[in-house]
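Following: one structure in structure tokens, then a few remarks.
Since the structure is predicted, the reported quantities are computational estimates derived from the model, not experimental observations. Throughout, numbering of the chain's residues begins at 1 and tracks the sequence.
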Amino acid sequence: MRYNKNNNSVIYLPVFLSFLFAFCFMIIPINTALKWLRPDLVTMILIYWVANAPNQIGVIFAFTIGILFDLLTGMLVGSMGLTLAIVAFFTMNLRLRLRIYRFWQKLIIIMLLVACSQLSRLWIQMLIGHPPASFMYWLSSVSSALLWPVLCMILDSTYRSSRLTT
């Protein structure tokens, strides 16, 4: 009888490493003039993993990652958790369509998902009394969409190589 490894456990190492990289990237101090162009890497990596491994990565995982990110950055605890859970829900509903969309359609969907994330964070920030952001706030979703193909190539290669080792 042949020993059969659990394929579900194989995915967690690349997921952990990619979110660790995203957390490190998001907490690096950046010039205030350029902070609007910083892509939302945590949200983009979540979109990728929910779309490609929906049985392992879902809404509860997204909420947990968001809570960890809130604790890391000192934001209101639960704000990023709620935001990422909403994005994970939308991504799970769109994941099959994302596979058949053309390149430019995928970029628009990614931009809209990141903008949805930003909108929910903006609403939460406004509820606790912070002033609304300027128009420059939305440039992050554009830069995230433009970075999406590069991120997909990197994560595709790590995901495929981790699945081939089993």
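Expressed to the nearest 0.5 Å, how far CD1 of Ile154 lies from CD1 of Ile45 amounts to 9.0 Å. A distance of 10.5 Å separates CZ in Phe23 from CG in Leu41, rounded to the nearest 0.5 Å. Taken from CG in Leu151 to CD1 in Ile110, the straight-line distance is 9.5 Å, to the nearest 0.5 Å. We find the CD1-SG distance between Ile109 and Cys116 to be 11.5 Å, quoted to the nearest 0.5 Å. Once rounded to the nearest 0.5 Å, the distance linking CD1 of Ile67 with CG of Leu72 reads 13.0 Å. Here Leu113 contributes atom CG and Ser141 contributes atom OG; the two are 10.5 Å apart, rounded to the nearest 0.5 Å.
Between the side chain of Ser144 and the backbone N or O of Asp40, at least one donor-acceptor pair lies under 3.5 Å. Panel note: side chain Tyr48, backbone Trp148; no donor-acceptor pair is recorded below 3.5 Å.
Thr43 approaches Ser117 most closely through the heavy-atom pair OG1-OG, 3.5 Å. Between Met80 and Met75, the shortest heavy-atom distance links the atoms CB-CE, 4.3 Å. The two residues Gly78 and Asp70 make their nearest non-hydrogen contact at N-OD2, 2.8 Å. Of all heavy-atom pairs spanning Arg38 and Ile27, the tightest one is NH1-N, 4.3 Å. Minimum interatomic distance between Val59 and Ala85 (heavy atoms only, all atoms of both residues): CG1-CB, 3.8 Å.
Applying the ring-ring contact (aromatic ring centres under 6.0 Å, His included) test to every pair with at least one member in residues 82-108, sequence neighbours left out, gives no pairs at all. Sorted by first then second residue, the side-chain hydrogen bond (donor to acceptor under 3.5 Å, both in side chains) pairs that include residues 19-34, not counting sequence neighbours, number zero.
At a threshold of 4.5 Å between non-hydrogen side-chain atoms, the residues Gln105 and Ile100 do not count as touching. No side-chain heavy atom of His130 sits less than 4.5 Å from a side-chain heavy atom of Leu76. Counting heavy atoms from C-beta outward, Val114 and Met44 have side chains that approach closer than 4.5 Å. Between Arg102 and Leu107, the closest side-chain pair of non-hydrogen atoms is not below 4.5 Å. Looking at heavy atoms from C-beta onward, Met153 lies out of side-chain contact with Pro149 at the 4.5 angstrom threshold. Looking at Leu46 and Ile65, their side chains never come closer than 4.5 Å, going by heavy atoms from C-beta outward. Using a 4.5 Å cut-off on side-chain heavy atoms (C-beta onward), Trp49 and Phe61 make no contact.
Heavy atoms from other residues, nucleotides or ligands lying under 6.0 Å from CZ of Phe25 number more than 12. Atom CG of Leu20 has more than 12 heavy atoms from other residues, nucleotides or ligands within 6.0 Å.
In the hydrophobic cluster analysis, where Ile, Leu, Val, Met, Phe, Trp and Tyr join through side-chain heavy atoms closer than 4.5 angstrom, Met26 is grouped apart from Val77. Both Leu68 and Ile57 are part of a single hydrophobic cluster, where members link through side-chain heavy atoms under 4.5 Å apart. Placement of Val87 and Met111 in two distinct hydrophobic clusters is found when ILVMFWY residues are connected by side-chain heavy-atom separations under 4.5 Å, directly or transitively. A single hydrophobic cluster is seen to contain both Phe21 and Leu84, as judged by linkage of ILVMFWY side chains at heavy-atom distances under 4.5 Å, directly or through other members. Placement of Leu98 and Leu146 in two distinct hydrophobic clusters is found when ILVMFWY residues are connected by side-chain heavy-atom separations under 4.5 Å, directly or transitively.
Hydrophobic clustering, defined by side-chain heavy atoms of Ile, Leu, Val, Met, Phe, Trp and Tyr closer than 4.5 Å, groups Leu122 together with Ile30, Leu34, Trp36, Leu37, Leu119, Trp123, Met126, Phe135, Met136, Tyr137, Trp138, Leu139.
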